[in-house]
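Structure first, then comments.
This is a predicted model, so every value here is computed, not measured. Because only heavy atoms are used, hydrogens play no part in the values below, and waters and symmetry mates are left out as well, while side chains stay in.
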Amino acid sequence: AVGVAGTDAGVVKLTFTGGAGCVDAVISTETPMKGSGEVEHTLPTACTGSVSIKAQLMKADGMTPIAPAVSTTIAATIQ
């Protein structure tokens, strides 16, 4: 889970809009080390084009946003 303590446990949900072959993902492991707050995700080779990627902090169930909601969105061109 992402978070420093058990009570902070949650996941990061990545949502892709636009492009082709990009699949939403839920990431529950911090990289490079627990407590760092950093996550990594390898995109499928079929994921290409101009996309909007939203990263949102969710509760451990992966479906419920934490309160207050925390997210950020970036634009990227994937070739």
Side-chain angles (χ1 to χ4, degrees):
V2 177
V4 211
T7 56
D8 298 330
V11 298
V12 175
K13 180 178 181 181
L14 299 178
T15 306
F16 295 85
T17 305
C22 303
V23 180
D24 294 351
V26 174
I27 304 168
S28 60
T29 305
E30 292 170 302
T31 304
M33 59 184 246
K34 185 164 179 52
S36 68
E38 297 177 38
V39 296
E40 289 183 4
H41 177 63
T42 301
L43 296 171
T45 55
C47 179
T48 60
S50 295
V51 297
S52 174
I53 307 166
K54 179 180 180 180
Q56 184 173 16
L57 296 177
M58 310 291 278
K59 291 185 178 182
D61 66 9
M63 301 186 62
T64 308
I66 65 166
V70 177
S71 69
T72 190
T73 303
I74 63 168
T77 300
I78 303 169
Q79 299 179 353

Inter-residue atom distance Lys54.NZ - Thr17.OG1, 0.5 Å rounding: 8.5 Å
Minimum heavy-atom distance between Gly18 and Val51, given as atom pair plus value: O-CG1, 3.5 Å
Closest approach of Phe16 to Asp24 (non-hydrogen atoms, all atoms of both residues): N-OD1, 2.9 Å
Residue pair Glu40 / Ile27: nearest heavy atoms and the distance that separates them: O-CD1, 3.8 Å
Please tabulate, one pair per line, all N/O donor-acceptor pairs under 3.5 Å involving side-chain atoms of residues 58-79, not counting sequence neighbours.
{"from": "Asp61", "atom 1": "OD1", "to": "Met63", "atom 2": "N", "distance (Å)": "2.8"}
{"from": "Asp61", "atom 1": "OD1", "to": "Thr64", "atom 2": "N", "distance (Å)": "2.9"}
{"from": "Asp61", "atom 1": "OD1", "to": "Thr64", "atom 2": "OG1", "distance (Å)": "3.4"}
{"from": "Asp61", "atom 1": "OD2", "to": "Thr64", "atom 2": "OG1", "distance (Å)": "2.7"}

Side chain to side chain donor-acceptor pair (under 3.5 Å) against Thr42, all qualifying residues, sequence neighbours excluded: none
Nearest atoms (heavy-atom pairs only) where Ala55 meets Val12: CB-CG1, 4.2 Å
